[in-house]
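Here is the structure we will look at, set down as C-alpha cells.
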Amino acid sequence: MIENPLLRNLNNLQKQAVMVQGANILVNAGPGTGKTRVLTARIAWLLEQGTDAHDLLAITFTNKAASEMAERMKVACPEGGVKITTFHSWAYDLLCKKRPLDRTPVVITEDEQKRLFREAAHSVGLKGDTRPLFQRLQFLKQFFPIDLQDEAEDLRLAWQHYQNSLAAHNLYDFDDLIISAIAILEEERGRDSNFRPYRHILIDEFQDVSPAQYRLCQLLAGPGCCIMAIGDPHQSIYGFRGSNPALMEKFMQDFSPCTRISLITAYRCGQNLLDAARVVLREKSAPRLISANTIPGSITFKQFKGPSQEATWIAKTIDRLSGGVSFESLNQGSATGQELRSLSDIAILFRINSLGEILAKELAKMGIPYQVSPKSHHSSDENLNKIWHILELLEGHHVDYHSIMLSKEERKIVLSLSGHKKQALRTLEPVNLLDTLSEAFGLHLESVEKAFLERAIASHRQGKPLSLALKTEQDYLDFHVEAVSLLSLHASKGLEFPIVFIAGCEQDIIPLKDCDPREERRLFYVGLTRASEQIFITCTSERQLWGERITVRPSQFIKEIDGFIEKEGKKPGVKRRKKVHQKKLF
DNA sequence: GAGGTTCAACCTTTT
DNA sequence: GTTGAACCTC
C-alpha cells in the first residue's frame with residue numbers, strides 16, 4: 001500500500017495520533033514535538049477520509065494561532081473550508097446567530113468592564129475599593145457552574161447589577177461569550193437531543209482551557225463526535241485565569257473511550273536543554289523527551305552586580321552574536337569565527353514586564369533593534385475605543401453607557417455639541433472627522449490606526465453597525481522582522497528561537513513570590529524549552545523593585561540545573577560525556 | 001464638582 | 001517609584 005503523502009513526514013506516534021478512529025484522542029505534546037503538525041495532518045487526513053469540511057471544527061486560543069493554522073491548512077489542502085476559530089469567536093458567532101439581527105452583541109474591553117463594574121458596585125451602595133471584588137468576579141467567571149454560595153453578599157449584589165447593566169445595552173464581556181454559549185447549547189440540547197453540530201473537533205493548547213471552556217467542549221461533543229485534545233500539561237501557565245493541568249486527566253475520564261498518545265521526539269531543543277528543563281519541572285510522571293537535534297544545546301549562567309550591568313552584558317552579547325551594529329563590534333570585527341545570527345533568532349525573556357523596560361532601554365542605547373510583547377498595543381486599543389464611544393454618543397446611541405466610558409471632560413465636549421454641529425460632523429469626510437476628533441479630544445492617532453478608523457467609519461456609513469466595523473484584527477508581532485524579541489515568559493509560549501536569554505533569574509522573581517510554585521516551575525520549563533541551541537541565564541545581586549532596593553539571590557532553579565550549565569573555561573558536561581561514549585565505540 | 005491627600009497595590013494575559 | 005481609587009476639603 002502506498003503511504004499517504006500527508007503522513008510521510010510524521011513519526012510513528014504522530015501518525016498514530018493522526019489516524020485514531022472511533023475514539024476521542026488526548027495527545028500529550030511536549031515542547032517541539034510537532035503539535036501543530038499533528039493537528040493539521042489530522043484535519044487533512046479526516047478530509048481525505050471523506051469527512052465533510054462543515055463537520056470539522058478546530059479551536060485555538062488566540063486569533064494569531066488560528067490564522068497560523070489556517071495558513072498551514074491552505075498549504076496542506078487548498079480546497080480547505082474547515083472552520084478554524086477561537087473559543088471566544090465561536091461563541092460570538094453563535095450569539096450573533098441566536099440574536100435578532102438588529103441586536104448585534106457588543107463585546108466590551110477589560111477597561112470598560114472595570115468601569116461598569118465599579119459603577120454597578122457603587123449603585124448598590126458599596127463603599128471603598130471595589131477592585132478586589134472585581135478580581136474575584138473575573139476569576140469566578142472562568143468556572144462552570146459558577147458557585148456563589150460562599151461568596152460575599154456584596155459581590156453577589158454588585159455582580160447582579162453589573163450583569164443587568166450589560167444586558168440593558170446588549171453588551172458582553174469576554175467571559176460572558178463563553179457563559180452565554182454554554183447556556184444556549186444547554187437549552188438547545190434539552191430541546192433537541194439530536195443537536196450535534198460537529199463530528200470532529202480538534203482543540204489546540206488544551207492545557208489552557210478554563211473549566212467553562214471545558215464545559216463548552218462537552219456540549220459541543222456527543223456520541224458520534226470525536227475530539228482531539230492536544231496540549232502539554234507541563235506548560236499549563238494560566239492558572240490565574242482558571243486553567244488547570246488536571247483538566248487533561250479529567251478529559252481521559254469524561255471523554256471515554258479516549259486514546260492517549262504521548263509524543264516523545266522533540267524537534268526543537270537540544271537534549272541538554274530538554275533534560276535541564278525536565279529537572280526543573282520535577283514531575284515524575286513527565287516522560288523524558290528525546291531530542292532529534294544533534295546540537296545538545298548549551299546553558300550559560302552569569303551573575304551581575306546590578307540590572308544595568310546585566311542589561312549591558314546582554315546587549316553586548318547580542319551585538320557580538322549578530323555581527324554587531326554598534327561601534328565596538330565594528331571595531332573588533334567579527335573575529336569570533338562564529339556563525340553570525342539574525343536578530344530575529346534571539347529572544348530575551350523575563351518574568352515581569354518591568355524588567356523588560358530596563359533591557360529595552362539598553363538595547364536602544366546600543367542601537368540594537370527590538371520588539372516588545374503586545375502589551376503596548378493596549379494604549380492604541382484605548383484610542384480606538386474612545387473614538388468608538390465618542391462616535392456612538394454623537395449618534396445618540398446608548399447615551400448612558402457610552403457616557404460612562406468617557407471622562408467627565410470628554411463627555412462634556414460631546415454632549416455640549418449642538419444638533420447642528422453633530423450633523424455637520426456626520427457628513428464630514430472620515431479623514432477630516434478623525435482630525436477634528438483627535439484635536440478636540442487630544443488623541444494621538446498613529447497613521448495605522450487612522451487608516452484603520454477611516455475604513456471603519458466609511459463602512460459604517462454604508463450601513464454596518466459601528467461596533468462591527470471597528471471589530472479589530474489585532475496587530476501581532478512579526479517575528480520575521482530583523483529585531484530581537486523582548487517577551488514575558490508567558491508571552492513566549494508557543495514560540496521558538498535558536499538563542500534565548502532569560503533575565504532576572506532571581507529568587508522571588510523566578511519563581512515569583514507568592515505564586516503557585518508548581519506553576520512557576522512550569523513557567524521556567526516553558527522558558528527553557530523556547531531555545532533550540534543556546535540559553536543565557538542572567539541574574540543580579542541587587543534589584544530595584546517597587547521603589548525599594550533589595551539584595552537578591554540567584555533563583556533556586558539555577559542550583560537545580562547546575563549540572564547542565566556550561567562552566568566557564570571548562571567543557572560542558574554533555575560534550576564530555578559524548579567523548580567518553582565515542583571512545584567506547586572505537 | 002474640582003483639586004489635593006492618602007493609601008494600597010504593584011505578577012503573568014487572551015479573548 | 002508609580003498608579004489608581006477613594007476620600008477629604010473648599
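Lettering follows sequence order; numbering is per chain, from 1. Values below: all heavy atoms of this structure, side chains included; hydrogens, waters and symmetry mates excluded.
- Between His490(A) and Tyr238(A), the ring center distance clears the sub-6.0 Å criterion.
- Between Arg543(A) atom CZ and dC11(B) atom P the separation is 15 Å, expressed in whole Å.
- Nucleotide dC11(B) forms a pair with no other nucleotide shown, judged by Watson-Crick or G-U wobble geometry with both contacts under 3.5 Å.
- Formation of a donor-acceptor pair under 3.5 Å by the Ser67(A) side chain with backbone atoms of Lys64(A) is found in this model.
- As a whole-Å value, the separation of Gln544(A) CD from dT2(C) P is 10 Å.
- If you check every strand for non-hydrogen atoms under 4.0 Å, Leu512(A) touches a base.
- Taking for each of Asp175(A) and Cys515(A) the nucleotide of DNA chain B with the nearest heavy atom, the 5'-most of the two is the partner of Cys515(A).
- Side-chain proximity of His88(A) to the nucleotides dT12(B), dA6(C), dT15(B) is greatest for dT15(B).
- Distance, Asp514(A) CG to dA8(B) C1': 15 Å, rounded to whole Å.
- One can place CD of Glu519(A) at 8 Å from C1' of dT12(B), the figure rounded to the nearest angstrom.
- No more than 12 heavy atoms of other residues, nucleotides or ligands lie within 6.0 Å of CZ in Arg553(A), so this atom counts as exposed by the packing criterion.
- Residue Thr130(A) has its side chain nearest to dA6(C) when only dA6(C), dT15(B), dT12(B) are considered.
- Distance from the side chain of Tyr238(A) is smallest to dT13(B) among dT13(B), dA5(C), dC11(B).
- Phe61(A) comes within contact range of the sugar-phosphate backbone alone, with a heavy-atom separation under 4.0 Å but no base atom that close.
- Counting to the nearest Å, the C1' atom of dG1(C) and the CD atom of Glu357(A) are 12 Å from each other.
- By the stacking rule of 5.5 Å between ring centres and under 30° between planes, Trp546(A) stacks on the base of dC10(B).
- Between Asp175(A) and Gln142(A), the side chains place a donor N or O and an acceptor N or O closer than 3.5 Å (distance only, hydrogens not considered).
- With distances taken from any side-chain atom of Ala491(A) to the nucleotides dC11(B), dC10(B), dT13(B), the minimum falls on dT13(B).
- In the set dT15(B), dC10(B), dA6(C), the nucleotide with an atom closest to the side chain of Thr86(A) is dT15(B).
- In this structure, Phe87(A) atom CZ and dT14(B) atom C1' are separated by 12 Å, rounded to whole Å.
- The separation between Arg522(A) atom CZ and dC11(B) atom P is 20 Å, rounded to whole Å.
- Residue Arg351(A) is in base contact, counting any heavy-atom pair closer than 4.0 Å across all strands shown.
- Taking atom CD1 of Ile178(A) as the reference point, atom C1' of dT13(B) lies 15 Å away to the nearest angstrom.
- When the side-chain nitrogen and oxygen atoms of His122(A) are compared with OP1 and OP2 of dA5(C), none of them lie within a distance under 4.0 Å.
- The side chain of Asn353(A) places no N or O atom within less than 4.0 Å of a non-bridging phosphate oxygen (OP1 or OP2) of dC10(B).
- Picking from dT12(B), dC10(B), dG4(C) the nucleotide with the shortest atom distance to the side chain of Arg131(A) gives dG4(C).
- A salt bridge is defined here as a Lys NZ or Arg NE, NH1 or NH2 lying under 4.0 Å from an Asp or Glu carboxylate O, and Glu542(A) with Lys305(A) fails to meet this definition.
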